[in-house]
Amino acid sequence: MILVSNLCCGLEEGLSGLDMLSRLAEQHAVGVEVFAHTFSHHYVEQLESFAASSPEYPVRVHGPSIGVDCACEPDSPAQTALLAAFRYAFDIAKRLNSPYVTLHHNDGWIPPAGHPLLQRQWLQNLELLLEQAQNSGITLCIENFGLSNRCLPLLNQEEFVALFDRYPEARCAVSTGHLHLLGWDAGGLIAALAPKIVCYHLHNNDGSSARHTRIGDGTFDMKKFLALYRRHTPEADLCLQYRRAPGLDEQALADDIALLRKSI
């Protein structure tokens, strides 16, 4: 299934772009991804209104990535906030009939000296989130993530792949843009995790920072990726997850939906 993320409308604007995304969903037979952020009361109000409208098109929920720290200390206020934010994400996912919620595998800059500790704390928090997901009847999807090519990742590719043996209940979300920034081997990753991959977040960049540009605007080889997709995971969701930018309007998104549909 092809989806379009509300990131395209700018998360700072809340869910004000949902009218456009709803038109795209209805006119082009696609779904919509919504971020379940809790950093803004206004955003939560809009999300509640959206859920109450019972959209007829498919919806997928992305877990909160603003105002939470997935590598926070145990028994800290930050951990309490993290668990509360994801508890809400799982609840809204259930109401929107989203089978999964996505979790970034890290959301901040990792100082080399603190890396081992932060990795341990992240794994401890992951286990709590997996328990929450299981209790909610929702699947937790762990997404590869990197802020820039200068950012030390919390996990390397081998460690990321090993997560899904350690936690067989988890599923995988692959971000093409962050894959590019991390310098990971797309073919090796997708082949290794094919049975676990349920969705892809499609965006591009120049290899230096997470610009979330359109699929054809960057140096990531999207043609090669789509061949891997067709070979290994043709049933996985494909979500256009662009950052709001001049020229990224309804027609541009419709054009990329059509291009993607021809390619799969």
Measure the acute angle between the ring planes of F90 and F86, then classify it against the limits of 30° and 60° as parallel, tilted or perpendicular.
tilted
Within this structure, what is the OG1-CG distance for the pair T176 and D221, rounded to the nearest 0.5 Å?
11.0 Å
Measure from the side-chain N and O atoms of N204 to the backbone N and O of G216, and report whether any donor-acceptor pair falls under 3.5 Å.
no
Please check if L24 and M1 belong to a single hydrophobic cluster, counting links between Ile, Leu, Val, Met, Phe, Trp and Tyr side chain heavy atoms closer than 4.5 Å.
no
Apply side-chain contact (heavy atoms from CB on, under 4.5 Å) to S76 and Q79, showing your working.
CA-CA 5 Å; S76 65; Q79 187 188 64; 3.7 Å; yes
Salt bridge flag under 4.0 Å for residues R95 and E48
yes
Quick one: do E159 and L163 satisfy side-chain contact (heavy atoms from CB on, under 4.5 Å)? Show the steps, please.
CA-CA 6 Å; E159 291 167 332; L163 272 180; over 6 Å; no
Do Q241 and E33 get their side chains close enough for a donor-acceptor pair, meaning under 3.5 Å?
yes
Count the heavy atoms of every other residue, nucleotide or ligand shown that sit under 6.0 Å from CD of E45, and state whether that count exceeds 12.
yes
Would you say Q46's side chain and Y43's backbone share a donor-acceptor pair under 3.5 angstrom?
no
Report yes if the side chains of P234 and I264 come closer than 4.5 Å at any heavy-atom pair, otherwise no.
no
Using the side-chain hydrogen bond (donor to acceptor under 3.5 Å, both in side chains) criterion, which residues pair with R23? Sequence neighbours excluded.
E250
Please determine whether side-chain contact (heavy atoms from CB on, under 4.5 Å) holds for the pair I92 and V34, giving the CA-CA distance in whole Å, both sets of side-chain angles, and the decisive distance to 0.1 Å.
CA-CA 10 Å; I92 202 78; V34 292; over 6 Å; no
d(N205 CG, H178 NE2) to nearest 0.5 Å is 8.5 Å
Grouping I, L, V, M, F, W and Y whenever their side-chain heavy atoms are under 4.5 Å apart, do V174 and M222 come out in a common cluster?
yes
Under 3.5 Å, side chain of Q157 to main-chain N/O of D185, donor-acceptor pair present?
yes
To the nearest 0.5 Å, what is the distance between CG on L189 and CZ on F160?
6.5 Å
Okay, side chain of N6, backbone of G17: is any donor-acceptor separation there less than 3.5 Å?
no
Which atom pair, heavy atoms only, marks the closest approach of Y88 to T38?
CD2-CG2, 3.6 Å
Minimum heavy-atom distance C72-N125, with the two atoms named:
O-ND2, 3.1 Å
Taking K196 for the side chain and P168 for the main chain, is one N or O donor matched with an acceptor at less than 3.5 Å?
yes
Between the side chain of H115 and the main-chain N/O of P153, is any donor-acceptor distance below 3.5 Å?
yes
Evaluate the side-chain proximity of I197 to H232: yes if any heavy-atom separation is below 4.5 Å, no if none is.
no
Heavy-atom side-chain proximity of R211 to R243 below 4.5 angstrom:
no
I'd like to check S136 versus D91 (side-chain heavy atoms, cut-off strictly below 4.5 Å). Are they in contact?
no
Would you say that L226 contacts R230 through its side chain, given a criterion of any heavy-atom pair below 4.5 Å between the two side chains?
yes
Do V198 and I138 belong to the same hydrophobic cluster, where Ile, Leu, Val, Met, Phe, Trp and Tyr are linked whenever their side-chain heavy atoms lie under 4.5 Å apart, directly or via other members?
no
Check whether any side-chain heavy atom of V161 sits under 4.5 Å from a side-chain heavy atom of L193, and report yes or no.
yes
What's the separation between atom NE2 in H201 and atom CD in E143, rounded to the nearest 0.5 Å?
5.0 Å
Checking R60 side chain against S5 main chain: does a donor-acceptor pair fall under 3.5 Å?
no
Please tell me if the side chains of F225 and L179 come closer than 4.5 Å, counting only heavy atoms from C-beta onward.
no
Closest non-hydrogen atom pair between L154 and Q119, with its separation
O-NE2, 2.8 Å
Could you tell me the separation between the CG atom of L129 and the CG atom of L126, rounded to the nearest 0.5 Å?
6.5 Å
Of all heavy-atom pairs linking A254 and H28, the shortest is CB-NE2, 3.6 Å
Taking side-chain hydrogen bond (donor to acceptor under 3.5 Å, both in side chains) as the test, write out the residues that go with N144, two or more places apart.
none
Would you find a donor on one side and an acceptor on the other, under 3.5 Å apart, between the side chain of S98 and the backbone of V61?
yes
In this structure, which one of H203, H212, H104 forms a side chain to side chain donor-acceptor pair (under 3.5 Å) with S175?
H203
By side-chain contact (heavy atoms from CB on, under 4.5 Å), which residues pair with A81, not counting sequence neighbours?
none
Closest non-hydrogen atom pair, A236 against Y229
O-OH, 2.7 Å
Would I215 and V30 show up in the same hydrophobic cluster when neighbours are defined by side-chain heavy atoms closer than 4.5 Å?
yes
Closest non-hydrogen contact found for G207 with T219 is N-OG1, 3.8 Å
Please answer: with hydrophobic residues joined when any side-chain heavy atoms are less than 4.5 Å apart, are L47 and L3 in the same cluster?
no
Calculate, to the nearest 0.5 Å, the distance between atoms SG and CG belonging to C9 and L18 respectively.
7.0 Å
Do F35 and I66 pass the side-chain contact (heavy atoms from CB on, under 4.5 Å) test, and can you show the C-alpha distance, the side-chain angles, and the key distance before you say yes or no?
CA-CA 10 Å; F35 278 73; I66 298 175; over 6 Å; no
